[in-house]
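Reviewing the structure listed below.
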Amino acid sequence: MLELRDVSVKYGSFTAVQNVNIDVSAGEIVVLLGANGAGKSTVFRTISRLNKASSGSILFEGSSISKSSPDKIVKSGIVQCAEGRRLFPMMTVYENLKMGAYVHRSHRNKTKDSMEYVFELFPILREKQNDMAGSLSGGQQQMLAIGRALMAKPKLMLLDEPSIGLAPLIVEQMFEVIQKINSEGTTILLAEQNANAALKIADKGYVFENGSVVLEGTSEELFSNDEVRKAYIGA
Ligand code: ATP
């Protein structure tokens with residue numbers, strides 16, 4: 001579904017991502033692991049075309065998207081749910097969700113269906129639909145960020161650090177919902193520092209260090225790898 005071939009990304013003369021190859025098949029959950037600054041967010045931003053690759057190519061469903069506009073990429077079915085939530089805090093939960101459906105502007109029924117789907121996944125968002133997004137707890141804001149991304153009916157959802165800053169119990173719920181979203185047909189590329197939780201739901205993963213992939217494998221392979229355990233699982 002998504003193929004990155006020898007993708008490199010530079011910020012000025014600094015190479016943040018170097019010769020990265022990633023394959024995501026339809027239906028999978030794939031996780032990118034790595035410390036802060038290893039290059040995971042840069043990979044996401046490059047897929048969404050918020051950054052330009054300095055070399056290499058990116059294919060989505062067999063077609064190159066390396067030169068598509070960010071808007072076209074969303075329309076083709078790739079939606080990024082940003083780290084840091086990037087909600088509209090002074091707008092209500094309902095309004096934030098509606099903004100997520102802008103790609104289907106002319107289809108009112110579709111928007112309604114998507115909203116109902118989001119409210120079923122996250123009942124608390126239905127309860128709080130008239131509250132300002134800025135008044136929600138951290139976990140609820142993260143749910144809203146995922147909900148807003150789902151409003152665009154993505155084929156592939158890019159999730160950057162969905163567990164960051166959340167209490168352990170909420171993290172567990174978050175990963176359960178991610179798994180549910182996936183089982184209902186959305187392919188997921190996830191960046192996480194919480195390797196333990198992420199590998200439990202992922203099919204496979206890539207380990208990033210200093211902008212390069214240093215290890216890849218199935219979740220079982222990575223979970224039992226000594227280096228991964230030492231660096232990311234703490235066992
Ligand atoms: P994090 O989890 O902190 O987001 P990451 O693995 O996603 O980490 P990136 O944010 O992709 O890492 O950063 C990769 C490298 O690129 C880091 O060394 C970072 O300092 C650098 N970098 C990121 N954004 C910029 C930018 N706009 N200009 C210059 N350097 C940048």
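Computation of the quantities below employed the complete heavy-atom set of this structure, encompassing side-chain atoms and omitting hydrogens, waters and symmetry-equivalent molecules. We number each residue from 1, following the sequence as shown. Order of appearance sets the numbers: ligands from 1, and atoms from 1 within every ligand. Keep in mind that this is a model prediction, so the values were computed, not measured.
Close contacts of ligand 1 with F14, meaning ligand atoms under 4.0 Å from a residue heavy atom, involve 15 (C), 16 (O), 18 (O), 21 (C). Near N36, meaning under 4.0 Å from one of its heavy atoms, ligand 1 places the atoms 1 (P), 2 (O), 3 (O), 8 (O). Taking a cut-off of under 4.0 Å to the non-hydrogen atoms of K40, the atoms of ligand 1 that pass are 2 (O), 5 (P), 6 (O), 7 (O), 8 (O), 11 (O), 12 (O).
In this structure, A35 is part of the shell of residues with a heavy atom less than 4.0 angstrom from ligand 1. For G34, the heavy-atom gap to ligand 1 stays at 4.0 angstrom or more. Distances shorter than 4.0 angstrom occur between a heavy atom of E161 and an atom of ligand 1.
For E28 and T187, the side-chain atoms include no donor-acceptor pair closer than 3.5 Å.
Between L33, T42, V17, it is T42 that holds the heavy atom closest to atom 9 (P) of ligand 1.
Taking 4.0 Å as the cut-off between side-chain N and carboxylate O, R5 and E3 count as a salt-bridged pair. With respect to the salt-bridge test (charged N to carboxylate O, under 4.0 angstrom), the residues E61 and K155 qualify. A salt bridge links D71 with K75: the distance from a Lys NZ or Arg NE/NH1/NH2 to an Asp or Glu carboxylate oxygen falls below 4.0 Å.
At a heavy-atom cutoff of 4.0 Å, ligand 1 is contacted by no atom of F208, backbone or side chain.
Looking only at side-chain heavy atoms (C-beta outward), K98 and M151 stay at 4.5 Å or farther from each other.
Residue-to-ligand polar distances place G39 within reach of ligand 1: an N/O pair is separated by less than 3.5 Å. Between A38 and ligand 1, at least one N/O pair is under 3.5 Å apart.
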Worksheet item: Taking it one step at a time, do E116 and R126 satisfy salt bridge (charged side-chain N to carboxylate O under 4.0 Å, His left out)?
Response: CA-CA 9 Å; E116 193 50 38; R126 189 195 302 274; 2.9 Å; yes
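By the neighbour-count criterion of 12 heavy atoms within 6.0 Å, atom OH of Y117 is densely surrounded, having more than that number from other residues, nucleotides or ligands.
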